[in-house]
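Comments concern the structure below.
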Amino acid sequence: MLSSKNSASGQRIWLISAAAAALIAAALRRWQLSSAFEEATGLAIRGAQASVILMCVLIIAGAWFVLLSMHQRPAQPRKPGQAYPWDLVFLGTGDRVFPILEIAAAFLAIASVPILFIVGVGQFQLYQEALTAHVQPPTNNGMLTLATAAGAFLAALGLLQMGRDGLRPGRRGRGGFAAALPGVAGCIWLMESFRAHAANPVQWDYAPQLIAIVLGMGFYMDFAGMSAGVARPRRLLWMAGMTVIFSAVSLVSGLAELSARTAMAEPMLCTQLGDVLLLVSQMLAAVGALWRLPPHLESPQKARKNAPEQPALEQEIQEETTDE
């Protein structure tokens with residue numbers, strides 16, 4: 001009974017901490033956007049109170065998650081000298097929350113594909129028209145936007161496989177490959193995001209989004225490592241928590257940009273809308289990890305008692321692995 005209570009407590013504290021820090025950071029980011037930039041030039045006001053407090057909150061949140069990670073000890077196998085099967089943690093255990101979150105994240109990623117594709121095609125056509133007219137072409141030829149759309153499609157496939165494994169597990173290692181797809185897609189998204197903001201002298205405008213993408217990439221790669229035999233569960237929890245927080249901060253910026261476009265009667269079909277969908281997608285995927293991992297990290301055997309079919313599933317997976 002005590003072990004079960006500890007497992008539930010560990011799960012709740014990660015979820016509550018990530019949600020509370022994300023809401024506070026998002027509110028501070030909104031305050032920063034309204035008070036920490038000059039109206040005439042748009043440049044950041046040095047030493048603005050909102051910026052200082054937001055930075056402190058982000059640092060405190062990172063340190064708090066480090067303490068939580070250090071407090072939780074990774075699970076040990078039943079037999080001494082035997083490696084704990086971390087690759088089975090995110091497979092089907094009868095829990096529906098994790099797969100639902102991953103599948104919802106996949107649908108958000110796939111929703112961004114047509115948006116980014118249409119915007120990228122428009123940018124490419126505009127670039128070609130400028131070349132044909134022998135005028136100065138725009139700096140963006142649309143290729144990175146199209147590549148980001150392709151990466152979002154791959155990310156959606158990976159998230160769908162992660163959700164499927166959470167419902168009905170496949171063979172070992174497949175889930176790790178699936179989790180690597182959103183991480184690889186994040187590399188392309190990072191390049192496109194940096195290109196779009198490279199000429200902006202105000203780092204506060206784009207740094208949160210770049211950091212959010214990098215943290216998301218690290219989260220997906222650590223997730224993939226769980227199924228590939230390179231398990232770092234405590235670092236995965238830290239990555240997931242910080243991904244939620246920085247994605248929330250960046251999401252406020254994206255929504256503010258969309259609101260400004262609406263006020264100026266500009267078309268809503270833009271890269272900012274694709275960024276918003278991808279940010280929410282990786283937030284949901286990270287929340288799924290925070291939901292599933294802490295109970296297994298604290299008391300894996302107790303957590304699995306909630307799913308009586310799991311031993312049979314483990315045996316089936318082991319037999320398939322042996323046959324290969």
Side-chain angles (χ1 to χ4, degrees), residues 3-25 57-77 83-91 93 95 97-102 105 159 162-163 165-166 175-176 178-180 182-183 186 211-249 279 281-304 306:
S3 179
S4 179
K5 289 181 179 180
N6 288 340
S7 298
S9 174
Q11 182 186 59
R12 283 197 297 267
I13 194 170
W14 276 100
L15 291 170
I16 293 173
S17 297
L23 289 174
I24 294 172
V57 168
L58 295 175
I59 294 174
I60 291 172
W64 172 244
F65 286 146
V66 168
L67 292 177
L68 285 182
S69 301
M70 293 174 61
H71 174 70
Q72 289 186 314
R73 299 291 180 182
Q76 299 298 322
Y84 181 74
W86 287 108
D87 51 347
L88 301 176
V89 168
F90 290 99
L91 300 186
T93 62
D95 171 39
V97 176
F98 170 75
I100 288 174
L101 288 171
E102 303 308 309
L159 289 165
M162 290 160 61
D165 287 345
I211 297 174
I213 297 173
V214 171
L215 288 169
M217 290 165 52
F219 157 69
Y220 284 123
M221 291 305 178
D222 275 355
F223 194 113
M226 295 283 284
S227 297
V230 188
R232 296 182 176 89
R234 289 189 290 183
R235 193 175 76 176
L236 174 59
L237 282 172
W238 188 91
M239 285 287 185
M242 295 305 293
T243 296
V244 172
I245 295 172
F246 272 91
S247 295
V249 172
L279 284 168
S281 174
Q282 73 175 18
M283 281 182 68
L284 292 180
V287 170
L290 293 176
W291 173 271
R292 174 64 68 87
L293 185 56
H296 291 267
L297 193 64
E298 287 190 353
S299 181
Q301 308 305 332
K302 197 71 176 179
R304 290 185 180 182
N306 296 327

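Summarising the geometry, atom CG belonging to Leu215 is positioned 6.0 Å from atom CH2 belonging to Trp238; distances are rounded to the nearest 0.5 Å. Arg232 CZ to Met221 CE: the interatomic distance, rounded to the nearest 0.5 Å, is 13.0 Å.
In terms of heavy atoms, Phe219 sits closest to Ala289 at CE1-CB, 3.5 Å. Of all non-hydrogen atoms in Glu102 and Leu284, the two that sit nearest each other are OE2-O, 4.1 Å. Between Leu68 and Ser17, the closest heavy-atom pair is CD1-OG, 4.1 Å. Minimum interatomic distance between Ala105 and Ala285 (heavy atoms only, all atoms of both residues): CB-N, 4.1 Å. Taking every heavy atom of both residues into account, Met70 and Arg234 meet most closely at O-NH1, 3.7 Å. Considering all non-hydrogen atoms of both residues, Ser247 and Met283 come closest at CB-CG, 3.1 Å.
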Tell me, with the steps shown, if Phe223 and Met239 meet side-chain contact (heavy atoms from CB on, under 4.5 Å). CA-CA 10 Å; Phe223 194 113; Met239 285 287 185; over 6 Å; no

side-chain contact (heavy atoms from CB on, under 4.5 Å), that's the test. Do Phe65 and Trp14 meet it? Break it down for me. CA-CA 8 Å; Phe65 286 146; Trp14 276 100; 3.4 Å; yes

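Looking at Leu58, Val57, Ile211 one by one, the single match for side chain to side chain contact (heavy atoms under 4.5 Å, CB included) with Ile245 turns out to be Leu58. Partner Val287 forms a side chain to side chain contact (heavy atoms under 4.5 Å, CB included) with one of Val97, Leu15, Thr243 and no other, that one being Leu15.
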